[in-house]
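First up is the structure itself, then whatever we jot down about it.
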Amino acid sequence: MNRLADKIAIVTGAGRIGNIGVAVCDAFLREGARGVVGTDLRSEDAGAIRARMESSHGTGRFLLLEHDVTDEAAWQGVLEQTLAAFGALDVLVNNAGLSIHGGIETTSLADLRAVMAVNHDALFLGIKTCVGALAGAHTRHAGGGAIVNNLSMASYMSNANNIGYHVSKAAGRMLTLCAANELGPRRIRVNSIHPGVTMTPLIREGLRDYVQGGLWPSEEAAEQALAAMSWLKTTSQPEDTAHAFVYLASEEARFVTGASIQHDGGIGGVY
Ligand SMILES: NC(=O)c1ccc[n+]([C@@H]2O[C@H](COP(=O)([O-])OP(=O)(O)OC[C@H]3O[C@@H](n4cnc5c(N)ncnc54)[C@H](O)[C@@H]3O)[C@@H](O)[C@H]2O)c1
């Protein structure tokens, strides 16, 4: 409790029930964050997510904004609304993500650019927009400002059928390092988390596609096959993955920057 006492955070990709972004917002509020601003392109789950946060954490601590992370002007709007509501910003979580399957010959340039825009360019826009506000965080917290980029083990592993996702997540890792290097003197820490298989609606949809394509006989068999790939022989739940975000956002990680946390049960253990 209270590992994020008095902190104010923006978390992108937090508009879908059962996903990592919602779990991170929930965990931040549980750990005493004063304000959390979730954002997402989609809005169909917004009412239910707001109701859940209010019933668990009381009123006035959570905002959910419609936001396209690839739109620079929209980022400015999110920052302004955050400062208007809570007066400061301490933590930026770049979590929104997009995957469009395909290899070199089967991926259009438009699809490649769409994936790069969400998984890489948007991280750049978010950091660029929020850096001024985050630089003030050290006046309130010894650990200063924190940026946490949700990448993937795809940053490190190749895939013959998902080029845009893997290339964009690898680029996100280098962006994390460059930003950590540049922003360290301003007391802003920049780190990345690399989840393995986390059972969100996105993953379940993917499994359904594989079952329909005949790769596995059922969704249960598909999940078991993915679990078997990890050293711990299991998958993660969004609530477990959220713990890693709490750590990097907290004062406990005040000497940690440029780090890459593999939260993958060992699936990428070859690295
Ligand atoms: N679930 C996993 O196994 C897993 C593994 C590794 C990495 N990740 C990463 O974790 C993050 C969250 O994934 P998730 O599994 O919770 O899936 P998800 O699809 O539920 O979450 C991604 C969210 O990003 C939002 N989004 C997409 N494009 C956007 C845009 N242009 N502007 C604003 N929001 C946009 C989506 O609407 C969605 O709510 C992603 O970056 C994903 O690549 C997930």
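These numbers come from the heavy atoms of this one structure, side chains and all, not from hydrogens, waters or symmetry mates. For ligands, and for the atoms within them, numbers begin at 1 and follow the listed sequence.
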Given Ile20, Asp71, Val22, which one has a non-hydrogen atom that is nearest to atom 13 (O) of ligand 1?
Ile20
For Val69, is at least one N or O under 3.5 Å away from an N or O on ligand 1?
yes
Is any side-chain heavy atom of Ile261 closer than 4.5 Å to one of Asn191?
no
Between Val197 and ligand 1, find which residue part has any heavy-atom pair under 4.0 Å and reply side chain, backbone, both or neither.
backbone
Tell me whether the count of non-hydrogen atoms from other residues, nucleotides or ligands lying under 6.0 Å of NZ in Lys233 goes above 12.
yes
Against heavy atoms of His67, which atoms of ligand 1 measure under 4.0 Å?
32 (N), 33 (C)
Note, Ile20 side chain near Leu202 side chain (heavy atom, < 4.5 Å):
no
Would you say the side chain of Asn150 lies within less than 4.5 Å of the side chain of Pro195, judging by non-hydrogen atoms?
yes
On a heavy-atom basis, I'd like to know which of Thr70, Asp121, Asn119, Asn95 is closest to atom 12 (C) of ligand 1.
Asn95
Any side-chain heavy-atom pair from Leu29 and Ser56 closer than 4.5 angstrom?
no
Taking CE in Met199 as the centre, count heavy atoms belonging to other residues, nucleotides or ligands within less than 6.0 Å. Is the count above 12?
yes
Heavy-atom contacts with Arg42 under 4.0 Å: which atoms of ligand 1 show up? List them by number with element.
37 (O), 39 (O)
Just which atoms of ligand 1 are under 4.0 Å from any heavy atom in Arg16?
19 (O), 20 (O), 39 (O)
Report, as yes or no, whether the 6.0 Å neighbourhood of atom CZ on Arg113 holds more than 12 heavy atoms from other residues, nucleotides or ligands.
no
Quick note on ligand 1: atoms under 4.0 Å from a heavy atom of Asp68 include exactly 30 (C), 31 (N), 32 (N)
From the list Val24, Val93, Val148, Asn95, side-chain contact (heavy atoms from CB on, under 4.5 Å) with Ile193 holds only for Val148
For ligand 1, which part of Leu202 has a heavy atom less than 4.0 Å away: the side chain, the backbone, both, or neither?
side chain
Validation row: Val190, Asn149 side chains within 4.5 angstrom (heavy atoms):
yes
for atom 6 (C) of ligand 1, nearest protein heavy atom and its distance come out as Pro195 O, 3.3 Å
Report, as yes or no, whether the 6.0 Å neighbourhood of atom CD on Glu182 holds more than 12 heavy atoms from other residues, nucleotides or ligands.
no
Return yes when His194 approaches ligand 1 closer than 4.0 angstrom through a heavy atom, no otherwise.
no
Electrostatic pair Asp90-Arg34, nearest N-O below 4.0 angstrom:
no
Could you see which bit of Thr12 sits under 4.0 Å from ligand 1, with heavy atoms only: side chain, backbone, both or neither?
neither
Hey, is Ala117 one of the residues with a heavy atom under 4.0 angstrom from ligand 1?
no
Considering the heavy atoms of Val118, write down every atom of ligand 1 situated less than 4.0 Å from one of them.
28 (N), 31 (N)
Give me the residue, atom name and distance of the protein heavy atom closest to atom 29 (C) of ligand 1.
Leu41 CD2, 3.8 Å
Considering only non-hydrogen protein atoms, determine which one is nearest to atom 26 (N) of ligand 1 and report residue, atom name and distance to 0.1 Å.
Ala96 CB, 3.9 Å
Assess whether atom CZ of Arg3 is packed by more than 12 heavy atoms of other residues, nucleotides or ligands within 6.0 Å.
yes
At under 4.0 Å between heavy atoms, what of Asn19 touches ligand 1? The answer is both
Decide, yes or no, whether a salt bridge links Arg140 with Asp6 under the criterion of side-chain N to carboxylate O below 4.0 Å.
no
Note the single closest protein heavy atom to atom 3 (O) of ligand 1, along with its residue, its atom name and the distance in Å.
Thr198 N, 2.8 Å
Short N or O distance, Ser152 and ligand 1, threshold 3.5 Å exclusive:
no
So if I count the atoms of ligand 1 from 1 in the order they appear, which ones are less than 4.0 Å from some heavy atom of Tyr165?
6 (C), 7 (C), 8 (N), 9 (C), 42 (C), 43 (O)
Top protein contact for atom 39 (O) of ligand 1, by heavy-atom distance
Asp40 OD2, 2.6 Å
Counting each atom of ligand 1 from 1 as listed, which ones have a heavy atom of Ile203 under 4.0 Å away?
1 (N), 2 (C), 3 (O)
Ignoring angles and geometry beyond distance, decide whether Leu98 reaches within less than 3.5 Å of ligand 1 through its nitrogen or oxygen atoms.
no
Just to be sure I read this right, does ligand 1 sit under 4.0 Å from the backbone of Met153, its side chain, both, or neither, counting only heavy atoms?
neither
Atom 14 (P) of ligand 1: which of Ile17, Leu226, Thr200 has the nearest heavy atom?
Thr200
Does a side-chain N-to-carboxylate-O contact under 4.0 Å join Arg204 and Glu219?
no
For ligand 1, is there an atom lying under 4.0 Å from some heavy atom of Leu151?
yes
Contact between Val22 and Met53 at the side-chain level, heavy atoms closer than 4.5 Å - yes or no?
yes
Can you pull out the closest protein heavy atom to atom 5 (C) of ligand 1? Residue, atom name and distance to 0.1 Å, please.
Gly196 O, 3.1 Å
Can you tell me which residue and heavy atom of the protein come closest to atom 10 (O) of ligand 1, and the distance to 0.1 Å?
Asn150 ND2, 2.8 Å
Looking at every heavy atom in both Leu79 and Ala133, which two are closest together, and how far apart are they?
CD1-CB, 4.0 Å
How far apart are the C-alpha atoms of His194 and Tyr156, what are their side-chain angles, what is the distance that settles it, and do they pass the ring-ring contact (aromatic ring centres under 6.0 Å, His included) test?
CA-CA 9 Å; His194 301 254; Tyr156 302 116; 4.9 Å; yes
Nearest-contact summary for atom 27 (C) of ligand 1 - protein heavy atom, Å
Gly97 O, 3.5 Å
